[in-house]
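Input: a single structure, listed below in structure tokens.
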Amino acid sequence: MASTPLDLVLVSTPIGYLGSGRGGGVELTITSLLRGLGQRGHHMHLVAPEGSRLPEGCEQVHLHPVAGEDQPSWQHADPDGPVLIPSQGVLPKLWERALDLASTADAVLNFGYDWLPLWLTPRQHQPIFHLVSMGSVARVIDALLLDLARWDQRRLAFHSRRQADDFGLPNPPVVVGNGFDLSRYALQVQTGGPLGWAGRVAPEKGLEDAVSVAARLGEPLLVWGLVEDPAYAARVEAAAPAGTIQWRGFLPTTALQKELGGCRALINTPKWNEAYGNVVVEALACGVPVIAYDRGGPGELVQHGVTGWLVPPDDCDGLLAAVQQLDAIDRNACRHWVECHASQAIFAERVERWISRGLAPGDGSISTCP
Ligand code: UDP
């Protein structure tokens, strides 16, 4: 339990309702915090796009659904492009509601990677905190994030060091990782299953490299996740021998972990500076070793030779060699790492500490606009 329970307003991503899968890993992060912070006695409001449902076990949270059009995703925008907000966009509406609620809350916690909430932060008296969900993808966000960090970096937290490194911050970053409700993931100790891959099916996730490894081994690759870019998915499938990809769809966590847990390894092949890599930890939680590119969050999550193998980025031969060394990995060690470093309780505690420190006056760094 926290020594002082906080009243918090959590603002969801403006891309997809909670449960749609369109918000990617952010959806799981929010779910984990609703549960974890709730267990620590904090009171929460969740402002989220219409259609969102409260996750199981979060019935005490007040949900505020907001209608409006999705924001375009920054990771698929021109890096030098402008800020776009649709005329009926959900983003300003989310913030209108959040700021109303904030007047009686201790803090607002933002999960959306977007311009508006960052811009608002130094211009509001209510303290707004940002758990930044991606690395650098657009200059206009980079610049604003840096301005905010120079004003009061305590308002920012990141999932991994490599993600934070993208932004050239003035001070060492607050890194909170991510958290998983381990009661929802079962350790499976058997070996010899198929190879798996999980994530949004989009170019930055590099599915083609994992497929090429499976094809060279003459094996199928089980693929879970939302097909965000159908044209890309079709191209990857067409380039591999028929039947290599076994599309398993986007599954809820219970079903995903059951199927994923049967794999002999998860292959994780990001082409971008992945902020964290939820699917890496979800696989480990089931006892599945991970073979990942040493890039972004996965490069900090996988313990080379203990919970899997790290391979130089874009090295498909390296992936193949690692698949042949899976016998050296103890599946119990994979689960153990998650229990020690990425449980829901540990994550909630880190986030609580971050916010409490950010709210504390006394070091002269709190400032508000005149
Ligand atoms: N996911 C899921 N069902 C699936 C495949 C993926 O719920 O069938 C979720 C997974 O649990 C993870 C998210 O999709 O939380 C992907 O997050 P990740 O951090 O790996 O990448 P992102 O999409 O945020 O870039």
Side-chain angles (χ1 to χ4, degrees), residues 12-13 15 23-30 32-33 73-77 79 109-115 117-118 121 128-150 152-180 198-200 202-206 268-284 290 292-304 307-308 310-314 337-338 341-342 346-348 350-351 353-355 358:
S12 189
T13 166
I15 303 180
V26 175
E27 296 189 25
L28 192 139
T29 303
I30 294 173
S32 174
L33 275 182
S73 61
W74 278 105
Q75 70 265 38
H76 302 125
L109 182 47
N110 171 44
F111 296 89
Y113 187 103
D114 224 306
W115 182 87
L118 293 170
T121 302
I128 304 174
F129 292 78
H130 305 267
L131 179 44
V132 181
S133 62
M134 293 192 284
S136 164
V137 288
R139 280 185 219 288
V140 67
I141 300 279
D142 293 355
L144 199 53
L145 214 131
L146 193 53
D147 282 351
L148 187 53
R150 288 186 181 127
D152 188 349
Q153 195 180 313
R154 296 176 308 160
R155 299 297 183 85
L156 301 171
F158 300 84
H159 289 291
S160 69
R161 262 173 205 85
R162 291 184 185 192
Q163 173 206 8
D165 284 350
D166 266 8
F167 299 104
L169 300 165
N171 296 300
V174 172
V175 175
V176 292
N178 212 345
F180 299 79
R200 282 179 297 106
E204 67 271 20
K205 296 293 191 173
N268 188 254
T269 44
K271 295 285 170 181
W272 68 339
N273 187 22
E274 185 82 54
Y276 186 77
N278 284 356
V279 295
V280 168
V281 181
E282 292 179 276
L284 296 176
V290 177
Y293 285 151
D294 189 2
R295 170 183 272 152
E300 289 175 31
L301 296 170
V302 175
Q303 269 182 296
H304 189 65
T307 62
L310 288 171
V311 170
D314 309 319
W337 184 90
V338 185
H341 297 98
I346 290 172
F347 179 48
R350 287 190 197 125
V351 168
R353 201 175 317 130
W354 161 48
I355 292 177

Asp314 vs Arg295, side chain to side chain contact (heavy atoms under 4.5 Å, CB included): CA-CA, chis, key distance, verdict: CA-CA 9 Å; Asp314 309 319; Arg295 170 183 272 152; 2.9 Å; yes

For Thr121, all residues meeting side-chain hydrogen bond (donor to acceptor under 3.5 Å, both in side chains), sequence neighbours excluded: His130

From Ile355 atom CD1 to Arg155 atom CZ, the distance as rounded to the nearest 0.5 Å: 10.5 Å

Sequence-distant partners of Ala157, side chain to side chain contact (heavy atoms under 4.5 Å, CB included), two or more places apart: Leu131, Val174, Val176, Trp354

Side-chain donor/acceptor of Glu300 to backbone N/O of Arg161, under 3.5 Å: yes

Backbone N/O of Ser136 and side chain of Asn273: donor-acceptor pair under 3.5 Å: no

Donor-acceptor under 3.5 Å (Gln163 side chain, Val132 main chain): yes

Non-neighbouring partners of Asn178 that pass side-chain hydrogen bond (donor to acceptor under 3.5 Å, both in side chains), sequence neighbours left out: Thr29, Asn278

Verdict with reasoning, Leu109 to Val351, per side chain to side chain contact (heavy atoms under 4.5 Å, CB included): CA-CA 10 Å; Leu109 182 47; Val351 168; 4.2 Å; yes

Partners meeting side chain to side chain contact (heavy atoms under 4.5 Å, CB included) with Arg139 (sequence neighbours left out): Asp80

Any Met134 side-chain heavy atom under 4.5 Å of Glu204 side chain: no

Results of side chain to side chain contact (heavy atoms under 4.5 Å, CB included) for Ile15 - residues two or more places apart only: Thr13, Arg22, Asp70, Gln71, Ser73

Ala164 versus Phe158, closest heavy-atom pair with distance: CB-CG, 3.6 Å

Any donor-acceptor pair under 3.5 Å from Gln153 side chain to Asn171 backbone: yes

Backbone N/O of Ala275 and side chain of His159: donor-acceptor pair under 3.5 Å: no

Gly297 to Ser160 - nearest heavy-atom pair and separation: CA-OG, 3.9 Å

Rounded distance (nearest 0.5 Å) linking atom CG of Leu301 with atom OH of Tyr276: 5.0 Å

Rounded distance (nearest 0.5 Å) linking atom CG of Leu118 with atom CD1 of Ile128: 9.5 Å

Which atom of Leu33 lies closest to which atom of Ala348, heavy atoms considered: CD2-CA, 4.0 Å

Exam field: side chain Ser133 to backbone Tyr113, donor-acceptor pair closer than 3.5 Å: no

Verdict with reasoning, Asp142 to Phe167, per side chain to side chain contact (heavy atoms under 4.5 Å, CB included): CA-CA 6 Å; Asp142 293 355; Phe167 299 104; 3.5 Å; yes

Salt bridge Lys205-Glu274, side-chain N to carboxylate O under 4.0 Å: yes

Listed partners of Gln303 passing side chain to side chain contact (heavy atoms under 4.5 Å, CB included), at least two apart: Val306, Thr307, Trp337

Where Leu310 and Gly299 come nearest, the two heavy atoms and their spacing: CD1-O, 3.7 Å

Gap between atom CG of Leu146 and atom CZ of Arg150 - 0.5 Å precision: 3.5 Å

Side chains of Val137 and His76 in contact at under 4.5 Å (non-hydrogen atoms): no

Heavy-atom pair with the smallest gap, counting every atom of Val290 and Ala283: CG2-CB, 4.0 Å

Ser32 to Phe347 - nearest heavy-atom pair and separation: OG-CD2, 3.7 Å

Any donor-acceptor pair under 3.5 Å from Thr269 side chain to Gly206 backbone: yes

